[in-house]
> 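My questions all concern the structure below.
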Amino acid sequence: MKSCLVVDDSRVIRKVARRILENLAFETEEAEDGLVALARCRKQMPDAVLLDWNMPVLTGIEFLRQLRREPGGERPVVVFCTTENDVDHISEAIRAGADEYMMKPFDSEILQSKFIEAGLI
Amino acid sequence: MASIADADFAYIVREIRARTGLAIDTSKAHVVESKIAPIARREGLLSVQELASTVSARREDRLIEAIADALIDKETQFFRDRSPFAYFRRTMAPELLSRRPEGQRLRIWSAGCSTGQEAFSLAMTGEDMKADGKHIEIEIVATDISTAVLEKARSGVYNQFDVQRGLPIRSLIQHFEKIGDLWRVNDRVRARVKFEKRNLLADPSSLGQFDIIFCRNVLSSLEPATAERVLDNICDRLAPDGYIVFGAHELIESSRITQATIHGGVYTFDNDVPAGAQAA
């Protein structure tokens, strides 16, 4: 079973994502900001990270840059999941090492499609 | 809910079949009714019954066409089923190009193109191959019977939901521009595709010959006898060493194509092809 860390400051989004991911047979964990997510990753790297952009304490893009510098931090497949939907944000995410990028609002079909693109399914 | 009168329903089914070859399950009048209800509203009619009786009494082309349009399956997405596009890039295109005179364009027909995602996916793949240093020029002719879908296809404009189904994010950034909340296929990719309104029941010989034909999830929506005729017409347009691609889950039988699926819905054409010219 693959593991996915859901990083979002909205409990509702985390719950929705979790339900979809569990239907896709992912074992999920949650983090409410980038710093908590980083601590989780240091303990154990997940196979995938579903990542919000705007969060308190440590944003998604800051988390991603730090993650990629961690030992083993190149391994998790990172899929952004954010309301930021302009070309600049998407390009910045790709440059920082994101594998895929999902624009909110999303549904299970879009999430599945993006996870297929990212080679997770 | 009252149903469409039998005679009116029979008339509509007959007309749609004659014009499009579309298979309509006559036991499912309620499905037809729900699909054409928006037309009744648009026409200011009180019900689908009234629409049906109006159509059958006035025999107006415009209304019949609108009904046909509503009944046709328009489902499509970028890189639908994925594997035919990977196979196009890895095998079909390089192989065909190696057999063509240098600089010759590969001609591709997207038959039943709906809102254009299939044609643009092929055009994007061609552009990506060029960016990888391959010498490839492709020309895509994309046809559909529905005016409404062609209008959207020609605009090349898709919403956020459309561009998140099947399209890798790098392709979105590479080949689209953002306009407000929508995304438009860029000029370079759009220039590879020519959209044309066409009924597959009509003789397609004026389209010329194609190296590859994508005709996915079309034949299985037609009456069997019509599907056979359409397939015959399509095969006439295919180069002797060309490829024909059907829907991943369509089972197509014809003496004119090899029976073995070589990859997903990809079939080779078996019209006097030298044995060595076929893909393994």
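Each chain gets a letter, A, B and so on, in the order its sequence line appears, and its residues count up from 1.
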> Quick one: CH2 on B/Trp183 to CG on A/Asn85, what's the gap to the nearest 0.5 Å?
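Reported to 0.5 Å precision, the distance equals 7.0 Å.
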> Does B/Glu151, at its CD atom, have more than 12 non-hydrogen atoms belonging to other residues, nucleotides or ligands within less than 6.0 Å?
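Check fails, neighbour count at 12 or below.
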> Does any heavy atom of chain B fall under 4.5 Å from the side chain of A/Asp99, the backbone, both, or neither of them?
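Just its backbone gets close to chain B.
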> Hey, are A/Glu117 and B/Arg82 close enough for a salt bridge, meaning a charged N less than 4.0 Å from a carboxylate O?
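Judged by the 4.0 Å cut-off on N to carboxylate O distance, A/Glu117 and B/Arg82 do form a salt bridge.
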> Let me know if A/Glu100 has heavy atoms under 4.5 Å from chain B in its side chain, its backbone, both or neither.
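When you check distances to chain B, atoms from both the backbone and side chain of A/Glu100 fall under 4.5 Å.
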> I'd like to know whether CD of B/Glu75 has more than 12 heavy-atom contacts from other residues, nucleotides or ligands below 6.0 angstrom.
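Yes, because the 6.0 Å sphere around CD of B/Glu75 holds more than 12 heavy atoms from other groups.
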> With a 4.5 angstrom heavy-atom cut-off, is it the side chain or the backbone of A/Ala98 that approaches chain B, or both, or neither?
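Looking at A/Ala98, just its backbone touches chain B.
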> Quick one, B/Glu177 and A/Val87 - any side-chain contact, counting heavy atoms below 4.5 Å?
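No. Closest side-chain heavy atoms not under 4.5 Å.
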> Where do B/Phe161 and A/Asp107 land on the side-chain contact (heavy atoms from CB on, under 4.5 Å) test, with the steps shown first?
CA-CA 9 Å; B/Phe161 183 72; A/Asp107 60 13; 3.3 Å; yes
> Is it true that atom NZ of B/Lys197 has more than 12 heavy atoms of other residues, nucleotides or ligands lying nearer than 6.0 Å?
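It does: B/Lys197 NZ has more than 12 such atoms within range.
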> Of the non-hydrogen atoms in A/Ser113 and B/Gly166, which two are nearest, and what is the gap between them?
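Reported closest heavy-atom pair: OG-N, 2.9 Å.
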> May I ask you to decide if A/Met103's main-chain N or O and B/Gln164's side chain share a donor-acceptor pair within less than 3.5 Å?
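Yes: the side chain of B/Gln164 pairs with the backbone of A/Met103.
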> Under the side-chain contact (heavy atoms from CB on, under 4.5 Å) rule, what do A/Met102 and B/Ile169 come out as? Steps first, then yes or no, please.
CA-CA 8 Å; A/Met102 193 159 79; B/Ile169 196 68; over 6 Å; no
> What part of B/Gln77 is in contact with chain A, defined as an atom under 4.5 angstrom from a non-hydrogen atom: side chain, backbone, both or neither?
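For B/Gln77, side-chain heavy atoms alone lie under 4.5 Å from chain A.
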> More than 12 heavy atoms of other residues, nucleotides or ligands under 6.0 Å from NZ of B/Lys130: is that the case?
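Counting neighbours around NZ of B/Lys130, more than 12 heavy atoms of other residues, nucleotides or ligands fall under 6.0 Å, so yes.
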> Counting C-beta onward and ignoring hydrogens, is there a side-chain heavy-atom pair between B/Gln160 and A/Pro105 closer than 4.5 Å?
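The answer is yes; the side chains approach within 4.5 Å.
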> Quick one: what part of B/Leu167 sits under 4.5 Å from any heavy atom of chain A, side chain, backbone, both or neither?
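For B/Leu167, backbone heavy atoms alone lie under 4.5 Å from chain A.
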> Calculate, to the nearest 0.5 Å, the distance between atoms NZ and CG belonging to B/Lys178 and A/Asp86 respectively.
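Spacing of NZ (B/Lys178) from CG (A/Asp86) equals 6.0 Å.
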